[in-house]
Amino acid sequence: MTSDEPARSLRDIGALTPEWAETFRAVPRTLFLPDLVWSYDMTTGRSVPVHRGDDPEAWERAAYADAPIVTQWDDGRHIGTEPGTVATSSASMPYVVASMLRDLDVSDGMRVLEVGTGTGWNAALLSRRLGSSHVASVEIDAAVVEQARTALKRAGLSPEVVQGDGRDGWPDGAPYDRVIVTAGVRAVPPAWLEQTRPGGIILVPWGTHYSDQDALVRLTVHEDGQASGPFLRMVEFMKLRAQRLDWNRFRGYVPAFPGDAEVSRTAVTLADLGGRNQPARFVAGLCVPDCAHVVNQTDQGTAKAWFFDLTSRSWAAVEFRSGEPVATVHQSGPRRLWDEVERALTWWAERGRPDLGRFGLTVGPDGATRAWLDRPADVLTFA
Ligand SMILES: C[S@@+](CC[C@H](N)C(=O)[O-])C[C@H]1O[C@@H](n2cnc3c(N)ncnc32)[C@H](O)[C@@H]1O
């Protein structure tokens, strides 16, 4: 494969605009990948180690594939060739990189802040397009910063790469015309709003703790310090370090199942709850605040959907058995989480199951977040 081909195929699927095509050709992803990478196999869901020295052809194939490539596990604590537990740095999927740069809508002379430097490839593409002096990128991990700086230098580019917590932005380079975040965010930090000029755009994968899923939201910063805009599409990023959900916190919520939990029945099906990339799951997360949700499935055709409150020790579990028309609900604690989820799904169904693109987000100067349907004035209120 030549380095032209990835750019051509991204253009064919509409991710790459003509303005970005030359940039993608000039700044190949291969320059930014370490010798040992873990290529993500979309069919098996497994991360497969590939070492350039052992198998240069497989490494090239991985580098040019339209798939995410993990470059660090467990914040660098994991060593060796086997995958670690949590993927903590990566080169994002080229399709996602290209389409986010398209949505960022930059033009000559703009200043851009990136949060999550990772390999440095995205910062390199921005630097090539706008000039290195117009790009700053913040990365939390010291080793990742070093690798990115080396790769950028090798590519002849010199954006400012800062080691720090991207939640603080980078005030020295402000104001920015654009902020692009390449990690999943659960709370938009006020610093990003403060450091973006009015009329500027913050493009960020945002979500709730209800699921791992993020949705890309394009926020325009207003004169009054608020930022607001629509969701564009579902994505899934590794989360900002301080905003990962620690599932261990739910240990001890359910000392004995079902214990003294209140029991009821529901006609809602497992499919109604929505799966990966399906709006039902994301919308339920918008409507049921501070709730984490996971489904445990068994080979015997039963599935248990769990819901945990992040602010009290309330929990709910719904047991779905194949062939049975109703499921059994268990709820415990001051919050009735399942009732909230059911209400949210009914609300969504009554409105004709609006797609993600009809929802949006407003973030206040203090970081307070409100989700809305169709218009910023139509805030979702369920509490
Ligand atoms: C998906 S990778 C970024 C991919 C990158 N833009 C590229 O072109 O390769 C996410 C990165 O965000 C970094 N990160 C996580 N939390 C962060 C934080 N609070 N501030 C800055 N970077 C953070 C991770 O260390 C990781 O390198």
Side-chain angles (χ1 to χ4, degrees), residues 6-7 10 15-16 19-20 22-34 37 63 68-72 88-185 192 195-196 200-205 216 235 237-238 240-241:
L10 288 175
L16 200 59
E19 302 86 72
W20 279 102
E22 188 280 331
T23 309
F24 270 73
R25 266 194 302 274
V27 185
R29 196 189 195 201
T30 41
L31 288 183
F32 293 86
L33 296 176
V37 296
I69 292 185
V70 175
T71 50
Q72 187 200 58
T88 49
S89 193
S90 69
S92 306
M93 195 173 162
Y95 173 80
V96 172
V97 174
S99 47
M100 280 179 75
L101 289 172
R102 178 197 63 205
D103 296 329
L104 195 64
D105 192 23
V106 295
S107 49
D108 292 351
M110 282 189 173
R111 288 194 52 73
V112 180
L113 171 69
E114 180 194 35
V115 175
T117 314
T119 62
W121 185 42
N122 196 48
L125 291 162
L126 282 163
S127 300
R128 167 89 189 188
R129 172 79 179 75
L130 296 170
S132 293
S133 63
H134 288 235
V135 180
S137 182
V138 188
E139 165 62 50
I140 200 160
D141 189 282
V144 173
V145 166
E146 276 321 303
Q147 282 168 9
R149 282 189 183 140
T150 306
L152 284 158
K153 200 168 169 195
R154 201 167 45 221
L157 297 161
S158 52
E160 182 145 30
V161 178
V162 180
Q163 191 208 335
D165 190 335
R167 289 179 302 163
D168 301 330
W170 177 239
D172 293 16
Y176 301 101
D177 300 283
R178 299 286 185 265
V179 175
I180 179 169
V181 184
T182 59
V185 168
W192 298 350
Q195 294 172 24
T196 306
I201 286 168
I202 302 173
L203 189 66
V204 51
L216 198 61
V235 285
F237 273 85
M238 29 192 79
L240 282 183
R241 236 181 226 193

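Between the side chain of Gln195 and the backbone N or O of Asp172 there is no donor-acceptor pair closer than 3.5 Å. For Arg178 (side chain) and Val112 (main-chain N/O), no donor-acceptor pair under 3.5 Å exists by modelled atom type. Of the possible polar contacts, none joining the Ser90 side chain to the Val70 backbone as a donor-acceptor pair under 3.5 Å is found. A donor-acceptor pair is defined here as one N or O able to donate and one able to accept, closer than 3.5 Å; such a pair exists between the side chain of Arg29 and the backbone of Ala91.
The two residues Val27 and Ala124 have their closest heavy-atom pair at CG1-CB, 3.7 Å. Of all heavy-atom pairs between Phe237 and Gly184, the closest is CB-N, 3.4 Å. In this structure, Pro34 and Val37 approach most closely via the heavy-atom pair O-CG1, 3.3 Å.
Within the structure, salt bridge (charged side-chain N to carboxylate O under 4.0 Å, His left out) contacts touching residues 88-101 (residues at least two apart or in different chains) do not occur. Under the salt bridge (charged side-chain N to carboxylate O under 4.0 Å, His left out) criterion, the residue pairs touching residues 91-111 are Asp103-Arg233, Asp105-Arg218, Asp108-Arg129, with sequence neighbours excluded.
Here the straight-line distance linking atom CG of Asp177 with atom CD1 of Ile201 works out to 9.5 Å at 0.5 Å rounding. We find the CG-OG1 distance between Leu33 and Thr119 to be 6.5 Å, quoted to the nearest 0.5 Å. Once rounded to the nearest 0.5 Å, the distance linking CZ of Arg25 with CZ of Arg128 reads 10.0 Å. Between Leu130 atom CG and Leu104 atom CG the span is 8.5 Å, to the nearest 0.5 Å. The distance from the CH2 atom of Trp192 to the OH atom of Tyr176 is 12.5 Å, given to the nearest 0.5 Å. The distance from the CG atom of Leu126 to the OG1 atom of Thr23 is 9.0 Å, given to the nearest 0.5 Å.
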Next item on the list: Determine, step by step, whether Thr71 and Phe32 satisfy the side chain to side chain contact (heavy atoms under 4.5 Å, CB included) criterion, reporting the C-alpha distance in whole Å, the side-chain angles of both residues, the deciding distance to 0.1 Å, and the verdict.
Entry: CA-CA 10 Å; Thr71 50; Phe32 293 86; over 6 Å; no
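Contact check for Pro159 versus Ser127: side-chain heavy atoms found under the 4.5 Å cut-off. Using a 4.5 Å heavy-atom cutoff, the side chains of Trp121 and Leu31 are not in contact. Residues Ile202 and Ile180 fail the side-chain proximity criterion, which asks for heavy atoms closer than 4.5 Å. Between Thr182 and Val97, the closest side-chain pair of non-hydrogen atoms is not below 4.5 Å.
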Under 3.5 Å, which donor-acceptor pairs do the side chains of residues 135-148 form with other protein atoms, sequence neighbours left out?
from   : atom 1 : to     : atom 2 : distance (Å)
Ser137 : OG     : Glu114 : OE1    : 2.6
Ser137 : OG     : Thr117 : OG1    : 2.7
Glu139 : OE1    : Thr117 : N      : 3.3
Glu139 : OE1    : Gly118 : N      : 3.0
Glu139 : OE2    : Asp141 : N      : 3.0
Asp141 : OD1    : Gln72  : NE2    : 3.4
Asp141 : OD1    : Ala143 : N      : 3.0
Asp141 : OD1    : Val144 : N      : 3.1
Asp141 : OD2    : Gln72  : NE2    : 3.1
Asp141 : OD2    : Arg241 : NH2    : 2.7
Glu146 : OE2    : Arg149 : NH1    : 3.2

